[in-house]
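Quick note on labels: first sequence line is chain A, next is B, and so on, each numbered from 1.
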There are 2 protein chains.
Amino acid sequence: METRWLDEGELAAWTAFLEASHRVFRAVEQQLKQDAGLSHPQYEILVKLAVAGGAGLRMTELAESLITSKSGLTYQVGQLEKRGLVTRDACLSDDRGVSAHLTEAGAVALREAAPGHVARVREALIDVLDRDRLAVLADALTEVAARLRDTGT
Amino acid sequence: METRWLDEGELAAWTAFLEASHRVFRAVEQQLKQDAGLSHPQYEILVKLAVAGGAGLRMTELAESLITSKSGLTYQVGQLEKRGLVTRDACLSDDRGVSAHLTEAGAVALREAAPGHVARVREALIDVLDRDRLAVLADALTEVAARLRDTGT
DNA sequence: AAGCAGTTGTTCAAATTCGAATGACTGGGT
DNA sequence: ACCCAGTCATTCGAATTTGAACAACTGCTT
């Protein structure tokens, strides 16, 4: 099959996507590490667990929602557990399972980290765009994510 | 200062950005590794060097355009050099400098890898969006990238 | 109730990433 | 000519990531 190369506009879109993603992640990562001593994956784990509430979350659910490998998650949760921000408990309904919970210290750490993180997210992405472009961006990327999610990617 | 939390739309945009980025990178990474035996960073190095042509590129220039650390680049270029896809030569005008060049084998590897890569990029991002949304996306992310570039991030 | 394919989470080794430290060199000012 | 702050690329160790292999368990089927 003949390759359909990217035209000028398409290439610009791809390039911008690459550069923006890298730079935004870098900016966020740096802020969190510096001000809260957390990596972005770690911060995301805390957020997901906070949202989940008392019930906690299974490791697999957590790994899927973070789009990371299971082994990577095991490692990161281990790190957070060492610091006392997270607990791992056996699952009642499924002996194979493990569910992670936010500790009180974890909730505190999240509360303290959140304002600086949100500020950086605004600075790097949200506040750069006007309402309309942001809406289109959200819509477009939601669809992109959804497609890949369904593909099993 | 009082924190300006993200409203519903803003949060949706940030979430979509996170998920889409992760999934797109993952998809691209997987395709390249599987079909061409290259990591995405490695592929990008080959592309930049191909564009640069005979003159090659300084390590620092390369690192900046790839948005990676210099030490990370040294490692990856080392890997490519081992495989004979890239050469490192002393810089004539600056004895500290090193410039990287694409070898004939590197050019071949790139030619062979490109079609599959482009196809995956289309599938994951470009072809998911209509012309208008793609244009807005490109425009928006170009600005996001530019801001962070200027900030030194 | 026994088998079995599939799921769950961890462990392991290998690959990659980063930042700090290093050694070499540049360029301009004195 | 000499110094000195700054740049260049690499090296090093530590942290992180990944996939494959593994052991334990589920729940369906027979």
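Looking only at distances, no side-chain donor or acceptor of T15(A) sits under 3.5 Å from a matching main-chain atom of A12(A). In this structure a side-chain-to-backbone donor-acceptor pair under 3.5 Å is present from T74(B) to K70(B).
Remark: R122(B) engages E10(A) in a salt bridge, criterion side-chain N to carboxylate O under 4.0 Å. K48(A) and E61(A) are not joined by a salt bridge, as no carboxylate oxygen comes within less than 4.0 angstrom of a charged side-chain nitrogen. With respect to the salt-bridge test (charged N to carboxylate O, under 4.0 angstrom), the residues R4(A) and D127(B) qualify.
Atom CG of D95(B) and atom P of dT7(D) are 18 Å apart (whole Å). Distance NZ (K82(A)) to P (dA14(D)): 14 Å, rounded to an integer number of Å. The separation between K70(A) atom NZ and dT7(C) atom P is 9 Å, rounded to whole Å. Between F25(B) atom CZ and dT17(D) atom P the separation is 16 Å, expressed in whole Å. A straight line from CD of Q30(B) to C1' of dA15(C) spans 18 Å, rounded to a whole angstrom. Per the geometry, CD1 belonging to I45(B) stands 14 Å off P belonging to dA9(D), to the nearest Å. Here dT7(D) presents its P atom at 15 Å from CD of E61(B), a figure rounded to the nearest Å. The distance between atom CD of E81(B) and atom P of dA9(D), rounded to the nearest whole Å, is 14 Å.
Contact annotation: R58(A) does not reach the phosphate of dT8(C) (side-chain N/O to OP1 or OP2, under 4.0 Å).
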Polar atoms only, N or O, under 3.5 Å: list the protein pairs with nucleotides 16-20 of chain C and their distances.
residue : atom : partner : partner atom : Å
dT16(C) : OP2  : Y75(B)  : OH           : 2.7
dT17(C) : OP2  : Q76(B)  : OE1          : 2.8
dC18(C) : OP1  : R26(A)  : NH2          : 3.2
dC18(C) : OP2  : T68(B)  : OG1          : 3.1
dC18(C) : OP2  : S69(B)  : OG           : 3.1
dG19(C) : N7   : S71(B)  : OG           : 3.2
dG19(C) : O6   : S71(B)  : OG           : 3.1

Anything under 3.5 Å between a protein N or O and an N or O of nucleotides 2-6 of chain D, put it in a table, one pair a line.
residue : atom : partner : partner atom : Å
dG6(D)  : N2   : R96(B)  : NH1          : 3.0

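Note that CG of L38(A) is 8.5 Å distant from NZ of K33(A), once rounded to the nearest 0.5 Å.
Annotation: F17(B) is not in aromatic contact with H22(B) [ring centroid separation under 6.0 Å not met].
Side-chain atoms of S99(B) and H101(B) include a donor-acceptor pair closer than 3.5 Å. Under 3.5 Å, the side chains of Q42(B) and R83(B) contain a donor-acceptor pair of N or O atoms.
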Quick one: the dot-bracket string of DNA chain C, using Watson-Crick and G-U wobble pairs with both distances under 3.5 Å, [ ] for crossing pairs and | for bases paired to another strand.
||||||||||||||||||||||||||||||
